[in-house]
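Only one structure is covered here, and it is reproduced in the block below.
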There are 2 protein chains.
Amino acid sequence: MNVHQPRQRLVTLSDVARAAGVGESTVSRVLRKHGSFSKGTQDRVAEAVARLGYVPNRLAGSLAGSANSTGPQLVGIVIPSLTNIVFPDLLRGIAGGLDAVGFQSVIAVSDYDPEREEALIGALLSWRPAGLIVTGLEHTPGAVARLRASGVRIVEMVDTDGPGLDIVVGFSNRAVGRASAEHLLGRGYRRIGFVGHDLDRDLRAGKRLAGFAAALAAAGHPLRDREILAGPSSAAAGREALGRLLARTTDLDAVYFSNDDMALGGYFHCLAAGLSIPGRLALFGYNGLDITAAMPQPLSTIRTPRLRIGEVAAERLGAGGPAEIVDLGFELIEGATA
Amino acid sequence: MNVHQPRQRLVTLSDVARAAGVGESTVSRVLRKHGSFSKGTQDRVAEAVARLGYVPNRLAGSLAGSANSTGPQLVGIVIPSLTNIVFPDLLRGIAGGLDAVGFQSVIAVSDYDPEREEALIGALLSWRPAGLIVTGLEHTPGAVARLRASGVRIVEMVDTDGPGLDIVVGFSNRAVGRASAEHLLGRGYRRIGFVGHDLDRDLRAGKRLAGFAAALAAAGHPLRDREILAGPSSAAAGREALGRLLARTTDLDAVYFSNDDMALGGYFHCLAAGLSIPGRLALFGYNGLDITAAMPQPLSTIRTPRLRIGEVAAERLGAGGPAEIVDLGFELIEGATA
DNA sequence: AACTGGATTGGCAGCGCTGCCAAATCCTGG
DNA sequence: CCAGGATTTGGCAGCGCTGCCAATCCAGTT
């Protein structure tokens with residue numbers, strides 16, 4: 001149980017072969033149910049495996065099988081953060097999809113840092129994964145070079161606003177922003193503000209704002225004011241930011257938030273300040289945080305197919321086929337706050 | 001880019017050695033900064049690596065180095081779910097702690113299914129990880145046998161209410177329940193109900209309730225009623241469950257929730273139903289969901305050191321030393337709802 | 001009884017890298 | 001200019017497993 005003791009020699013395939021009185025390759029075949037072997041052999045091998053408590057060594061298996069059909073059974077995943085609920089949901093989808101084919105995932109978190117992402121990609125590739133799933137389309141030149149050179153299937157998820165390396169699964173963040181703006185405009189709101197987080201690092205949030213602002217401008221009602229807080233999105237940040245925004249620009253009739261948790265914070269601000277929603281102020285979020293559906297007034301927001309994106313990413317990873325962009329779209333939830 | 005093409009032969013260490021005009025072991029030494037070599041050699045190796053775009057194969061490295069100092073650089077993690085915010089937070093802590101030592105984590109999700117957990121433990125062990133981090137203390141006999149036989153460091157996290165296999169990092173869920181009950185009793189609440197999720201599967205939630213109910217009973221004010229919904233915790237479930245509970249048992253003056261998201265749902269129910277908090281009904285949650293701090297009335301709840309648990313788990317994994325229980329405690333947030 | 005084709009089986013090279021050890025090289029003082 | 005020790009280097013045997021291929025076995029044929 002203690003790592004410091006020289007690690008006990010574990011049971012190997014050849015131990016099993018000896019115990020079962022058969023050859024190594026026979027054991028290997030039985031274990032992988034590959035090739036032919038008799039029922040009797042199978043039973044004897046199974047018995048020996050159980051008796052010795054044999055655990056196959058996949059490092060060796062993958063090494064030996066590399067460049068062959070067996071191939072590796074690891075998939076590398078790079079996500080920017082675990083703080084935002086989006087990413088656990090994506091992982092959940094991926095885990096589901098991968099399970100189906102018996103792959104295991106090695107996960108690394110980049111903290112929205114492109115340099116770090118590059119390093120992590122290198123580290124993941126060194127495990128010779130069957131494929132890599134990364135987030136977004138923007139990577140350092142070094143990262144792109146590594147991905148290209150790796151020769152494995154690459155899936156870039158979440159964002160479809162731009163050219164991808166191989167498989168791209170997600171939706172258009174710009175279109176999300178645009179749709180949000182159009183919804184607000186359609187409801188008659190004209191003096192619209194924005195509350196957001198950390199746009200320099202979260203490039204997708206930046207694209208949403210760009211789409212949103214462009215649509216407003218095109219309609220002749222440009223974004224009136226914005227309050228952007230550094231750091232990740234959170235309810236507390238949303239509440240504080242909305243307070244500041246309203247103190248500064250008092251005549252806003254609607255606010256678009258970079259994320260539902262920010263919007264929830266904004267909702268709490270209005271509740272505490274006694275501002276009626278959507279009469280005095282309309283709120284519009286992003287991301288279909290489940291919680292927002294349980295609010296007394298369900299939040300008006302955009303729901304993105306996070307789980308599905310993960311599933312499709314996992315699925316496509318195993319499949320062959322040409323490079324491709326899979327746009328899974330998004331859904332506008334009318335809600336009651338805008 | 002396409003998996004179907006016979007995977008191109010990747011650059012190997014011996015390619016680098018040839019290109020740099022040195023021996024393989026020299027390249028290996030330079031790359032691992034282990035042993036001695038001249039500056040000139042180092043430069044030539046570095047140049048060749050860069051020129052050829054060499055990516056070391058850690059499968060081979062770990063295999064060759066196994067049973068030796070180099071050892072494996074993977075850590076296996078089994079968590080029951082990604083839906084509950086707790087687990088991403090734990091992962092975040094682990095990722096932080098592991099980064100420091102350059103380990104990579106292979107993550108598997110058991111869906112609160114012990115059989116599945118056992119299978120996943122087997123799968124993870126087959127990667128010959130440096131250690132395994134699992135959730136909770138309850139495992140199938142088969143899982144325990146595998147963990148024991150693996151000879152690697154095991155960390156069981158989150159729960160300290162019982163005997164562990166090796167290292168245990170967490171807090172007492174029973175004590176959490178007890179402390180919650182004592183807080184409510186101390187505030188004068190006497191007719192107390194409970195709203196929870198899926199206790200059969202989430203054993204920790206079950207232990208919290210057990211501690212809570214025991215403390216109430218000991219004080220002579222036994223739990224008056226409970227409403228338990230199948231399925232994972234969520235705000236929507238909390239809202240609905242509270243509604244049902246109150247419809248059935250109208251004289252409750254406080255409700256304990258199995259989770260903050262459930263409690264938030266309960267809060268929304270009160271808001272919508274016009275019940276004053278905590279005058280008409282007090283609410284007490286669990287888990288210090290960040291969002292609850294931004295509520296107009298901050299939720300009274302218990303904050304658990306999730307991030308820290310992950311960090312300590314990762315840290316202990318690499319360290320030697322005897323089996324041990326690390327109780328990181330928890331913090332009661334007074335809030336304004338109870 | 002010899003023969004045939006398919007089902008089973010075992011031997012062994014080799015996946016890419018590291019550890020060990022011997023060989024080569026470099027210094028420094030005498 | 002050389003011995004003797006320190007530093008640097010290369011060769012090679014594995015790590016545990018899989019793929020390939022030749023060997024063996026067996027039931028059915030001729």
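Numbered from 1 within each chain, the chains take letters A, B, ... in sequence-line order.
Contact annotation: the side chain of A:Thr12 approaches that of A:Asp15 to within less than 4.5 Å [non-hydrogen atoms, C-beta and beyond]. Two residues are said to be in side-chain contact when any heavy atoms from C-beta on lie closer than 4.5 Å; A:Tyr54 and A:Val49 meet this criterion. Two residues are said to be in side-chain contact when any heavy atoms from C-beta on lie closer than 4.5 Å; A:Val55 and A:Leu10 fail this criterion. B:Leu74 is listed as a side-chain neighbour of A:Trp127, based on a closest heavy-atom distance under 4.5 Å.
An angle of 50°, rounded to 10°, separates the two end axes of the helix from C:dA1-D:dT30 to C:dG30-D:dC1, each defined over five pairs.
Scored by the side-chain hydrogen bond (donor to acceptor under 3.5 Å, both in side chains) test, A:Asp43 finds A:Lys39 as partners (sequence neighbours excluded). Every residue was checked against the side-chain hydrogen bond (donor to acceptor under 3.5 Å, both in side chains) condition with B:Asp327, not counting sequence neighbours, and none meets it. With sequence neighbours excluded, the residues forming a side-chain hydrogen bond (donor to acceptor under 3.5 Å, both in side chains) with A:Glu118 are A:Thr140, listed by chain and number.
Checking B:Phe37 against A:Ser14, the closest nucleotide of DNA chain D that is more toward the 5' end is the one next to B:Phe37.
Between the P atom of D:dT9 and the NE2 atom of B:His34 lies a distance of 16 Å, rounded to the nearest Å. The interatomic distance linking A:Leu63 (CG) with D:dC17 (P) rounds to 12 Å, in whole Å.
When all heavy atoms of A:Leu52 and A:Ala19 are compared, the closest pair comes out as CD1-CB, 3.9 Å.
Residue B:Ser36 has a polar side-chain atom (N or O) positioned under 4.0 Å from OP1 or OP2 of D:dT8. Applying the 4.0 Å criterion to OP1 and OP2 of D:dT18, one finds that A:Ser28 has a side-chain N or O inside that range.
Between A:Arg116 and B:Asp99, at least one side-chain nitrogen of the basic residue sits less than 4.0 Å from a carboxylate oxygen of the acidic one, meeting the salt-bridge criterion.
Closest approach to the A:Arg32 side chain among C:dA7, D:dG16, D:dT18 is made by D:dT18 (side chain taken as heavy atoms from C-beta onward).
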Quick one: which protein N/O atoms are closer than 3.5 Å to N/O atoms of nucleotides 10-14 of chain D? Pair and distance per line, please.
unit_1	atom_1	unit_2	atom_2	d
D:dG10	OP1	B:Gly23	N	3.4
D:dG10	OP2	B:Gly23	N	2.6
D:dG10	OP2	B:Thr26	OG1	2.5
D:dG10	N7	B:Ser25	OG	3.0
D:dG10	N7	B:Arg29	NH2	2.9
D:dG11	N7	B:Ser25	OG	3.4
D:dG11	O6	B:Ser25	OG	3.0

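Interface residues of residues 43-55 of chain A facing DNA chain D, ordered by number: A:Tyr54; criterion, heavy-atom separation under 4.0 Å.
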